[in-house]
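Heavy-atom basis, side chains included; hydrogens, waters and symmetry copies ignored. This chain uses plain numbering: 1 for the first residue, then up along the sequence.
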Amino acid sequence: MREPDQLAVRDQADLAKPTPAGMTKWQKAGVGAGVAGATGLAAFGFYRLGAFMGWWGGSSLIVIDDEKRDPKKTDDTPADGGQSNSRDRAIGKPPNISGDPEGYNTQRYPHPGSVRLTMTGLGYKVEYNNETLVPNNTPHPEVTKFQNDWNRVIKGLDSGKVKFPSGSDPSKLKPFRGLLDADGIPGKNTLNAMEIAFNNSLKNLIKWSSLVGQA
């Protein structure tokens, strides 16, 4: 009978022998570990991507201004329906064009990263990550800047100072209405305004920076 240490020596010698595939058992073990490690890294990367995109349920770090609203009134549509040449846009709050019962588009904004991406697309200088824009409810200066820009654009549309480009789809111009509290918090009303501005930059070829420049 062989002693345990002799078994260990012979087992190691056997592992060092080439296999029919031309690799020792130790080499195969190393390759297997490398594949497992790569698979683990890929899975972790996929998880992080899913967490960023909100696939696993999103994040609870978005701060929402939950103002009290009349449940019988779904939005702040003016009496004339918000025609493109309306002069009473600076009334109420920006409409929730998604119709989401939460008061803002939860599918579009499942986590702070989506808000940051939208703001970046509109030309505001925010870091592109998945961290909340308002840690400890501290107002964010770029959010305040957007809120002030939105209010100036809406008031400019009312006064005639700001004009939409010719050829714009009038039906997509109706949501440009309502004013925001310049509190630096990306709440429901602000997210609705961002969605309106961003959607029109894509679908209606209205550059937000151009409207702000006119205001």
I'd like to check [X] versus [Y] (side-chain heavy atoms, cut-off strictly below 4.5 Å). Are they in contact?
| X | Y | result |
| --- | --- | --- |
| Ile91 | Arg177 | no |
| Thr120 | Val126 | yes |
| Val115 | Leu133 | yes |
| Tyr109 | Thr118 | yes |
| Pro165 | Leu205 | no |
| Leu211 | Phe176 | yes |
| Leu179 | Gln147 | no |
| Val153 | Val212 | yes |

Please report the closest heavy-atom contact between [X] and [Y], naming both atoms and the distance.
| X | Y | answer |
| --- | --- | --- |
| Arg89 | Lys174 | NH1-O, 3.7 Å |
| Arg116 | Glu131 | NE-O, 2.8 Å |
| Gly184 | Val134 | O-CG1, 3.5 Å |
| Asn200 | Leu173 | OD1-CD2, 4.1 Å |
| Pro94 | Ile196 | CB-CD1, 4.4 Å |
| Asn96 | Asn105 | OD1-N, 4.3 Å |

Exercise. Between Asn136 and Thr138, is any side-chain donor less than 3.5 angstrom from a side-chain acceptor?
Worked result: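 Distance-only check fails for Asn136 and Thr138.
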Exercise. Does any pair with a residue in residues 135-153 pass salt bridge (charged side-chain N to carboxylate O under 4.0 Å, His left out), and if so which ones, sequence neighbours excluded?
Worked result: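 As it turns out, the salt bridge (charged side-chain N to carboxylate O under 4.0 Å, His left out) pairs with a partner in residues 135-153, which skip direct neighbours, are Asp149-Arg152.
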Exercise. Can you list every pair that meets salt bridge (charged side-chain N to carboxylate O under 4.0 Å, His left out) and has a residue in residues 189-208, with sequence neighbours left out?
Worked result: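 Found none.
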Exercise. Any idea how Tyr124 and Phe146 line up, ring-wise: parallel (<30°), tilted (30 to 60°), or perpendicular (>60°)?
Worked result: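 The arrangement is perpendicular - the two ring planes meet at more than 60°.
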Problem set entry | Residue list, side chain to side chain contact (heavy atoms under 4.5 Å, CB included) with Lys161, at least two apart or on another chain |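 Applying side chain to side chain contact (heavy atoms under 4.5 Å, CB included) to Lys161 gives Ser159.
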For this session: Return the set of residues passing side chain to side chain contact (heavy atoms under 4.5 Å, CB included) with Ser201 (not counting sequence neighbours), or none when no residue passes.
Result: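 Ser201 satisfies side chain to side chain contact (heavy atoms under 4.5 Å, CB included) with Phe198 only.
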Side chain [X], main chain [Y], donor-acceptor under 3.5 Å:
| X | Y | result |
| --- | --- | --- |
| Asp158 | Ala90 | yes |
| Trp208 | Gly121 | no |
| Lys188 | Glu102 | yes |
| Asn189 | Leu180 | no |

Problem set entry | Summary of side chain to side chain donor-acceptor pair (under 3.5 Å) pairs that have at least one residue in residues 162-171, sequence neighbours excluded |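 Sorted pair list: Asp169-Ser171, Asp169-Lys172.
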Exercise. With Thr106, which residues qualify under side-chain hydrogen bond (donor to acceptor under 3.5 Å, both in side chains), at least two apart?
Worked result: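 Partners of Thr106 under the side-chain hydrogen bond (donor to acceptor under 3.5 Å, both in side chains) test: Asp100.
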For this session: Tell me, yes or no, whether the heavy-atom count around Gln214 atom CD, taken from other residues, nucleotides or ligands under 6.0 Å, exceeds 12.
Result: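 Enclosed.
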To the closest 0.5 Å, what do you measure between [atom1] ([X]) and [atom2] ([Y])?
| X | Y | atom1 | atom2 | value |
| --- | --- | --- | --- | --- |
| Asn130 | Leu117 | CG | CG | 11.0 Å |
| Thr190 | Lys93 | OG1 | NZ | 8.5 Å |
| Asp181 | Asn151 | CG | CG | 8.5 Å |

